[in-house]
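For this chain, numbers begin at 1 and follow the sequence in order.
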Amino acid sequence: MQYYSRTGLRTCLVIQSQDPTAEYLLGQKIGTTPTPIGNGTLQAVRLESTKMLLEPLHRLKKADARLNLSQGVLDEVVGEELGVLPGMDSILAVGALERLIQFIGGTRSDTKELDRKFDMIIYDGISSEETLRMVGAAERSRWYMRYLRNLAEKTDTGRVTAPSFLKLAEASLKPDSTVDSGWRTAAEIWDTADNMLEKGSRAFADPLKFSCYLVMDPSNCMSVNAALRYWGCAIQAGAHVSGAFYPASPSHRSINMSIDDTFFPLVTASVPFLSMDSTINWDIALKDLNADAKKLLTMNNGSGRSISPVTFDQTKKTVTLFLPGFDKSEIKLSQVCFLCYLLQRIFFYACT
């Protein structure tokens, strides 16, 4: 984050946990709204799901007031009394990230690059697993939506109830709640929702818009194995892994060379070791950052060497999967089908 900020990019560190490490590293408290760090272009914000839950509820109430679907029942719901259920954190985080950087494009058709508040978002999620689920949620949600649409269009109950709920959902998502949803049909609303999810999936698959990195300790075999596993999980989620970082250590030079071979063709780079025992001098830390690490942090460098998760061999009539950290017994047919589908989507995005 300090590297991007020092290069002039408007950078925001987004934290979604109660871990105080970031505050210690930055030397100041982080609030629930973007807080300037120092005198540069770096800001930081801590997402709190209980507070983020209030805004969508407020918009839902305003939309319901116009459509009168709940007949005033929603007005009795007090947002501060609602608790956060499992899975809500990631859904609310996607909305918060979209408002900050508009990587999907938002619900407005006139969104421009200049409307973005930040050029770079560094997201520190609840856990690696939850972040990967969030990345793959857009494409997988399209699968669920196809079944829901069939249920809504091919059953009597769906044909009666679905249009009202669809109009309520569309009206609550509009940035200007005073704008009427018009005479849009249920089919048009379904298509709009599918297009929004497709944009989200495309954004996560585009290395110029989204990148994730592996971090490991090369002297710890469990850390290396975990990084390999997460690499394979990221591929299944449809995310682009740009490279891997590990702390520099002159005494482990042979181990570092082994790491480069283990993670080939992924680009790897060492970063200076930061001691937590004293205040960090970021000027010195960034000065010690080597050229490989700087190149890896540059989004348009084509890092990752364009690894294809699925390879088709027509002569041998075989399909080869590239899933680091997984063995053959762990791969199911459903994963193979989804990766083949994912590859088709990536190829379509590249052609368009």
Side-chain angles (χ1 to χ4, degrees), residues 12 14 47 52 55-56 59 63 87-123 125 130-149 152 166-177 179 181-182 184-212 234-242 299-300 304 306 309 338-352:
C12 183
V14 179
L47 302 182
M52 290 192 295
E55 182 183 353
R59 297 174 68 172
M88 280 181 144
D89 299 280
S90 297
I91 296 174
L92 294 171
V94 171
L97 294 174
E98 167 63 14
R99 288 191 295 272
L100 288 173
I101 201 171
Q102 299 176 356
F103 63 97
I104 297 176
T107 55
R108 296 166 49 186
S109 59
D110 61 341
T111 298
K112 298 180 181 180
E113 295 288 334
L114 296 177
D115 295 332
R116 294 180 176 177
K117 298 179 181 178
F118 299 101
D119 303 310
M120 181 72 63
I121 296 291
I122 311 296
Y123 176 65
E130 196 67 21
T131 301
L132 289 175
R133 291 192 189 99
M134 183 180 71
V135 169
E139 190 61 51
R140 286 166 175 79
S141 295
R142 298 183 68 198
W143 290 47
Y144 280 97
M145 195 169 65
R146 290 190 186 100
Y147 294 120
L148 290 175
R149 183 172 184 174
L166 286 173
K167 288 183 179 180
L168 177 62
E170 183 192 33
S172 62
L173 289 174
K174 285 183 176 295
D176 187 355
S177 59
V179 179
S181 57
R184 286 163 56 86
T185 63
E188 291 174 331
I189 298 177
W190 282 115
D191 291 338
T192 301
D194 184 72
N195 290 335
M196 288 182 61
L197 291 174
E198 184 180 8
K199 286 182 179 179
S201 178
R202 184 184 304 184
F204 283 122
D206 187 351
L208 299 181
K209 291 186 177 181
F210 176 84
S211 294
C212 55
I235 291 176
Q236 295 182 67
H240 175 79
V241 180
S242 296
M299 294 195 68
N300 60 353
S306 186
F338 180 77
L339 281 172
C340 292
Y341 170 79
L342 185 64
L343 184 64
Q344 291 177 334
R345 301 300 305 175
I346 294 175
F347 178 75
F348 172 77
Y349 296 153
C351 291
T352 55

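Of all non-hydrogen atoms in A239 and F210, the two that sit nearest each other are CB-CE2, 4.0 Å. Closest approach of A138 and S201 over heavy atoms only: CB-N, 3.7 Å. Taking every heavy atom of both residues into account, H240 and P207 meet most closely at CD2-CB, 3.3 Å. Between L92 and P56 the shortest heavy-atom distance is CD2-CG, 4.2 Å.
At a threshold of 4.0 Å, the pair R149-D191 counts as salt-bridged, since one of the basic side-chain nitrogens sits closer than that to a carboxylate oxygen. Checked for salt-bridge contact, E139 and R142 meet the test: a charged N lies under 4.0 Å from a carboxylate O.
Atom NZ of residue K199 and atom CD of residue E98 lie 9.5 Å apart, to the nearest 0.5 angstrom. F204 contributes atom CZ, which lies 10.5 Å from atom CG of L132 (distance to the nearest 0.5 angstrom). Going from atom OG of S141 over to atom CZ of R146 covers 11.0 Å, rounded to the nearest 0.5 Å. The CD atom of E188 sits 12.0 Å away from atom CG of L166, with the distance rounded to the nearest 0.5 Å. Note that CG of L47 is 9.5 Å distant from CG of D89, once rounded to the nearest 0.5 Å. Here the straight-line distance linking atom CE of M145 with atom CG of L197 works out to 5.0 Å at 0.5 Å rounding.
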Q: With side-chain contact (heavy atoms from CB on, under 4.5 Å) as the test, would you mind laying out the steps for M134 and E130 before giving the verdict?
A: CA-CA 6 Å; M134 183 180 71; E130 196 67 21; over 6 Å; no

